[in-house]
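Below: the structure, in structure tokens.
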Amino acid sequence: MVQSADAVVVGGGTVGAWCAYFLRASGVSRVVLLEKDRLGQGASSRAAGIVRTQGGTAWAVQLGEWSRRFYLGQAELLGIDSGFTPQGYMLPCFTEAEVAAAHERMAMQNSLGLNVRWLEPGEFDTMNPAMAPGLTLGATYRAEDGYLHPPRNVTAYAHALAASGVRVLEHTTFNGLDVTAGAVTGVETSGGSIAAPLVVLTGGPELAAVGRLAGVSVPAGAVRHQVAVTEQHPDLAPGRLPMLFDLAVGLYWRPEDGGMLFGMSNPEEPPGEARSVDTEYLELILRRLHTLVPVTAGLGLRRTWAATIDYTPDHLPIIGPAIVSGRTIAGATVASAGGHGMMWGPAVARAAADVALHGRSSVTDVSDLGLDRFDEHGKSRLATDPIALPFPEDATQAESFAAKTTSQG
């Protein structure tokens, strides 16, 4: 068992693992990563792999673009990559209000350096031969957006950790922080104490429970997310199937092995851990999918699965110092991708490493993304990111789930 380190990261998912790598790459000599199960055991290996830069806020745009560029450069940097594939991504509009919002959003995105363009209905239909024509009023589109393969992302960060010399302690549970005079001095684990001046707390859907163990209230929750893959069909070839997000119902899709991978979250479902498929809601979404892409009505499903993913009440990431009773704990940083682990994960990890070392980051301005934006009830002072899955927005539900998780060990 390691007795001391220069930095400890809690959580072996996308955010935690890449954060540990970035700390090591920044010159931190002894970095330890704690994971209670195995690397990538949670949502990281069960994600859909969507990488969309067309966010609803400047933070979302910058985090998405940083992550996309990182995925593109992995092979040169690491000798391995996460399988990122530029596919093109569309956000269609079905009402005039959605058209107005899309144009306003597109102006913001392009002002930040993206090349998002507007597709008129006819062009949209031409570029989507698998989709029923005449349904939309147009769409925003970026050709560079794409997807990766989540298991390969886990392989990539496992390789990066090993090659960079990060000490990974699997099957090791985080039990709490050691704090002296308002500053971190180490962590308590199932294997003993580790002295360290820097600690980064991650954990995805279990981050609130991790926070509770550290005495930190983190308004991040957990909710079921479902993914399915259809049978193969020539009409679903990658050249005929741009990625698409039906924002109104939280349905998205992309190509997958000659078929279509699609995902969805139920906005009416209460938060909680869930890895079983909700067949009733799946059937509801399938009816919508069959309307939009008629060929899918005649296809079976080759695979279906569910994962527990994280969310925050304002659908934005959390990147900032740990806070207890209104006071910052020096040396402790909290990081959450807010349900966008593949999309924002590397950028959130890089920013968290920067904040831990320097208090700021060039990835994006994190000054408003810390825990101090939430009140005692978990309500954020920031507006909710409008381009996200239909996550719950009740932080008290998230805290209740965290309490239950902690009590169950």
Side-chain angles (χ1 to χ4, degrees), residues 1-42 78 154 157-204 206-207 209-216 218 318-325 327-336 346 348-361 370-371 406 409:
M1 183 64 189
V2 178
Q3 294 183 332
S4 64
D6 297 310
V8 174
V9 179
V10 179
T14 296
V15 174
W18 284 122
C19 181
Y21 165 75
F22 289 134
L23 285 169
R24 185 70 188 89
S26 296
V28 180
S29 296
R30 299 174 301 158
V31 180
V32 172
L33 177 67
L34 304 179
E35 169 53 47
K36 71 174 187 176
D37 293 315
R38 293 188 178 93
L39 289 178
Q41 186 77 10
L78 303 171
V154 175
Y157 68 61
H159 168 81
L161 292 170
S164 64
V166 172
R167 180 70 179 273
V168 178
L169 301 181
E170 294 182 311
H171 303 294
T172 303
T173 303
F174 169 76
N175 290 332
L177 290 177
D178 291 330
V179 180
T180 302
V184 165
T185 56
V187 297
E188 296 296 327
T189 81
S190 57
S193 301
I194 303 176
L198 294 177
V199 176
V200 180
L201 303 176
T202 77
E206 297 185 38
L207 176 57
V210 169
R212 286 174 65 87
L213 291 168
V216 181
V218 184
I318 298 173
I319 309 169
I323 299 174
V324 175
S325 301
R327 295 185 178 181
T328 297
I329 304 176
T333 303
V334 177
S336 167
V348 170
R350 174 75 261 183
D354 291 344
V355 169
L357 294 173
H358 311 296
R360 62 188 183 280
S361 177
L371 290 174
T406 303

Legend entry - salt bridge (charged side-chain N to carboxylate O under 4.0 Å, His left out) contacts touching residues 17-32 (sequence neighbours left out):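 Found Asp6-Arg30.
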
Legend entry - Sequence neighbours excluded - salt bridge (charged side-chain N to carboxylate O under 4.0 Å, His left out) pairs with any residue from residues 9-23: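 As it turns out, there is no salt bridge (charged side-chain N to carboxylate O under 4.0 Å, His left out) pair with a partner in residues 9-23 once direct neighbours are skipped.
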
Closest contact, heavy atoms only, [X] versus [Y]:
| X | Y | result |
| --- | --- | --- |
| Val218 | Gly211 | CG2-CA, 4.2 Å |
| Val348 | Ser336 | CG1-O, 3.9 Å |
| Pro321 | Leu371 | O-CD1, 3.9 Å |
| Val9 | Cys19 | CG2-SG, 4.4 Å |
| Val8 | Ile194 | CG2-CG2, 4.0 Å |
| Ala20 | Val31 | O-CG1, 3.8 Å |

Inset, instruction - List the steps and the verdict of side-chain contact (heavy atoms from CB on, under 4.5 Å) for Leu169 and Val32. - result: CA-CA 7 Å; Leu169 301 181; Val32 172; 3.8 Å; yes

Could you list the residues that satisfy side-chain contact (heavy atoms from CB on, under 4.5 Å) with [X], not counting sequence neighbours?
| X | result |
| --- | --- |
| Ala17 | Leu33, Tyr157, Leu161 |
| Arg38 | Gln41, Glu170, His171 |
| Leu198 | Ala7, Leu357 |
| Ala160 | Trp18, Tyr21, Leu78 |

Going by side chain to side chain donor-acceptor pair (under 3.5 Å), name the residues that satisfy it together with [X], two or more places apart in sequence or in a different chain.
| X | value |
| --- | --- |
| Thr202 | none |
| Thr172 | none |
| Thr189 | none |
| Thr328 | none |

Inset, instruction - List in chain and number order the residues that pass ring pair (Phe, Tyr, Trp, His ring centres under 6.0 Å) with Phe22, two or more places apart in sequence or in another chain; answer none if no residue qualifies. - result: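 Phe22 satisfies ring pair (Phe, Tyr, Trp, His ring centres under 6.0 Å) with Trp66, Phe70 only.
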
Inset, instruction - First locate atom CG of Leu23, then atom CZ of Arg350, and finally report the distance between them rounded to the nearest 0.5 Å. - result: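 With rounding to 0.5 Å, CG (Leu23) is 7.5 Å from CZ (Arg350).
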
Legend entry - Pairwise side-chain contact, Leu201 with Thr333, heavy-atom cut-off 4.5 Å (strictly under):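 The answer is no, as the side chains (C-beta and beyond) never meet within the 4.5 Å cut-off.
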
Legend entry - Check against side-chain contact (heavy atoms from CB on, under 4.5 Å), Val216 and Ile329: CA-CA 10 Å; Val216 181; Ile329 304 176; 4.3 Å; yes

Name the atoms and distances for all side-chain donor-acceptor pairs under 3.5 Å in residues 174-186, with sequence neighbours left out.
residue	atom	partner	partner atom	Å
Thr185	OG1	Asp178	O	3.2

